[in-house]
Structure formats: C-alpha cells, structure tokens
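Down below is the structure, laid out as structure tokens.
Residue numbers count from 1 along this sequence.
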Amino acid sequence: MLIPHDTRIALDLVVDLVNTAPESEPEGDGAPPADGLPGIAALHAFAVRHRVSGVGALDEKDLRAVHDVRARFAEVFAAGDARTAAGLVNALVAAAGTTPQLTAHDGYDWHVHYFSPDASIADHLAADCGMALAFIIVAGETERLRRCEAPDCRHAFVDLSRNRSRRYCSSRTCGNRLHVAAYRARRREAAG
C-alpha cells in the first residue's frame, strides 16, 4: 500500500496520541495507568516532538480538547467495521472545520494541511490525523488499525506490513517478549 509521506506522519502522530491515553497502558502493580498527556507541559512537549506546526500558547481548554479528540480516535481503532470507523472520522473532521490547503514548510515539500492556519491544536490533530485515517478507510484497509495482541499491552498501531500480519505494537518489545516466554514454556514442558 503506497502511503504519501504526510499521511504516514499523520498516522504515526495519531497512533502516538492514542497511546498516551491511560487505557492504552498496561496495568501494573495495582496503580492506575498513567496519562501520557497529564498537563499542558506534556501536551506542548508532544507537539514539539511531533513537529506539529502552528502551535502557540496552550491552556487547560486545549488539553481537555486534545483529550477528547484522543478518546474519539481511540474509538476509531476500536471500530468493528469500516462504516463505523468512517462515521467516527467524518464527525471528527467535520467538527474540526477542515479547510484543505497546499503548503510547504519546515523542510517538507508540498503537502496538504486540512486545518485552518488559526486552528487549535485539537482541531489541527482532528483534521490532519482524521484525514490520514480516512485514507486508510477509503483504501479498504480498516483492518490495519489495530491494538497490540500482547496480553499486557493495549497500544494502538497501524499494520503496514505487506500481508497484514503484524500482531504486536513492537516486534522488539511485545512480540519478542511473548516469543521468548513461549520458548521458555516449551523448554520447561520438554524438560519436565
């Protein structure tokens, strides 16, 4: 599946945004999972890390709005079918007040921004990330929007493998950990 560079960046962004939610974190030693965006400073750092353009001063209203957008994107990953996912994405994009425009900035060649230049960070995320998810839905690839199958991980990811076979958010961490555990269990069984 050929995905334009700006769409890939927006897909990575929406995955990282969804994975900041407490419910995507494994429950540990009885302590509730932590929110990856607990305050304004964390939201600002997230925007800087992902090179979200046009972010000015942020406040509590922005944080609440981003938390709401994040929850709605999580619903897209949980949608059981393309029609449900499309309805959720349509609602997000419409609420963001999209105004597509071509732009070239920060070393990137021409690409489309779907948000107005004075959009809030929540509208920026809803519009750009929503359109990236729309690309996946239009391509008939909704099943690529997944959650990690590791029992102690709930991270979202977009399966961009050729044969749609990816099961874990990271083969280096979750996948490897489960494969090693299965190997050790087989070894114990064979020895016993």
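Side-chain N or O atoms of R144 include one that pairs as donor or acceptor with a backbone N or O of S161 at under 3.5 Å. In this structure, R147 contributes its side chain and E149 its backbone to no donor-acceptor pair below 3.5 Å. Although no hydrogens or angles enter the test, the distance criterion places a donor-acceptor pair under 3.5 Å between the side chain of N19 and the main chain of V15. A donor-acceptor pair under 3.5 Å is absent between the side-chain atoms of E75 and the main chain of A85, judged by distance alone. Side-chain atoms of H124 do not come within 3.5 Å of backbone N or O of V55 as any donor-acceptor pair.
With a 6.0 Å radius and a threshold of 12 heavy atoms from other residues, nucleotides or ligands, R162 has its CZ atom at or below the threshold. Sparse packing is recorded around NE2 of H44, with 12 or fewer heavy atoms of other residues, nucleotides or ligands lying under 6.0 Å away. Heavy atoms of other residues, nucleotides or ligands lying less than 6.0 angstrom from CZ of R164 number more than 12.
Across L88, L145, V89, V18, a single residue satisfies side chain to side chain contact (heavy atoms under 4.5 Å, CB included) together with F73, and that is V18.
By the 4.5 Å heavy-atom criterion applied to side chains, T142 and D81 are not counted as neighbours. D128 is not listed as a side-chain neighbour of L13, based on a closest heavy-atom distance of 4.5 Å or more. With contacts defined as side-chain heavy-atom distances shorter than 4.5 Å, the pair V158/F77 qualifies.
Between D68 and R64 there is no salt bridge, since no side-chain N of the basic residue sits under 4.0 Å from a carboxylate O of the acidic one.
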Check the pair D16 / F46 against side-chain contact (heavy atoms from CB on, under 4.5 Å), numbers first and verdict last. CA-CA 9 Å; D16 286 350; F46 180 86; 4.1 Å; yes

